[in-house]
Amino acid sequence: MKEGPLGFIADTFQVTTCVGEEKLFKDLGVWELLNLRSDEILGMGDALYRQFGVTSKFLEEALRPFTIQTTGKDVLEREFRIQKPIKYFLAQTRHYSWPKSGGTYLPLDFEG
């Protein structure tokens, strides 16, 4: 939300941290971001649609420049000043590239 088309929600979009504190998403630190509960992460698309009318297509396009498939893991680790490499768990892959296998997902229907 620092840049790009989601900037309009930066001052109002809140999430619940892993310790139960409500905070603006833009104000989360690296530790808080990396430790969000899975239900919080998985519910963000629905929350963005309910609160701001952000559709899944809009969200997909807005996030495309920032995905690990677009930037690579090294860029993300530098951006968030992560000193020790993150461990990634992938159930199964048939891709030649781990970022592609990590980006494989079932699209969620945020509109209804």
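Numbers here simply count residues along the sequence, with the first being 1. Note that the coordinates shown come from a computational prediction; the quantities given were computed from them, not determined experimentally. Side chains are part of it too, since the values below use all heavy atoms of this structure and drop only hydrogens, waters and symmetry mates.
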I9 and F25, any side-chain heavy atoms less than 4.5 Å apart | no

Which residue pairs pass the salt bridge (Lys or Arg N to Asp or Glu O under 4.0 Å) test when at least one of the two sits in residues 22-35, sequence neighbours left out?
-> D11-K26, K23-E32

Does a side-chain heavy-atom distance below 4.5 Å link L59 with M44?
-> no

Distance (rounded to the nearest 0.5 Å) between Q14 CD and E21 CD | 10.0 Å

ILVMFWY network linking F80 to L63, side-chain heavy atoms under 4.5 angstrom | yes

Distance (rounded to the nearest 0.5 Å) between L28 CG and L33 CG | 5.0 Å

Give the cluster check for V15 versus V30: same hydrophobic cluster or not, with ILVMFWY residues linked at side-chain heavy-atom distances below 4.5 Å.
-> yes

Which residues pass the side chain to side chain donor-acceptor pair (under 3.5 Å) test with T71, sequence neighbours left out?
-> none

Taking side-chain contact (heavy atoms from CB on, under 4.5 Å) as the test, write out the residues that go with F66, two or more places apart.
-> E3

For T70, enumerate each residue passing the side chain to side chain donor-acceptor pair (under 3.5 Å) test, keeping only those at least two apart in sequence or located in another chain.
-> T67

Got a second to check how far W31's CH2 is from I82's CD1, nearest 0.5 Å?
-> 14.0 Å

Value rounded to 0.5 Å, distance of OG1 in T12 from CZ in F52 | 3.5 Å

Report the residues that fulfil side chain to side chain donor-acceptor pair (under 3.5 Å) with R64, sequence neighbours left out, ordered by chain and then residue number.
-> E60, E61

What distance separates L48 CG from T55 OG1, expressed to the nearest 0.5 Å?
-> 10.5 Å

Do any pairs count as a side-chain hydrogen bond (donor to acceptor under 3.5 Å, both in side chains) and have a residue in residues 34-44, sequence neighbours left out, and if so which ones?
-> none

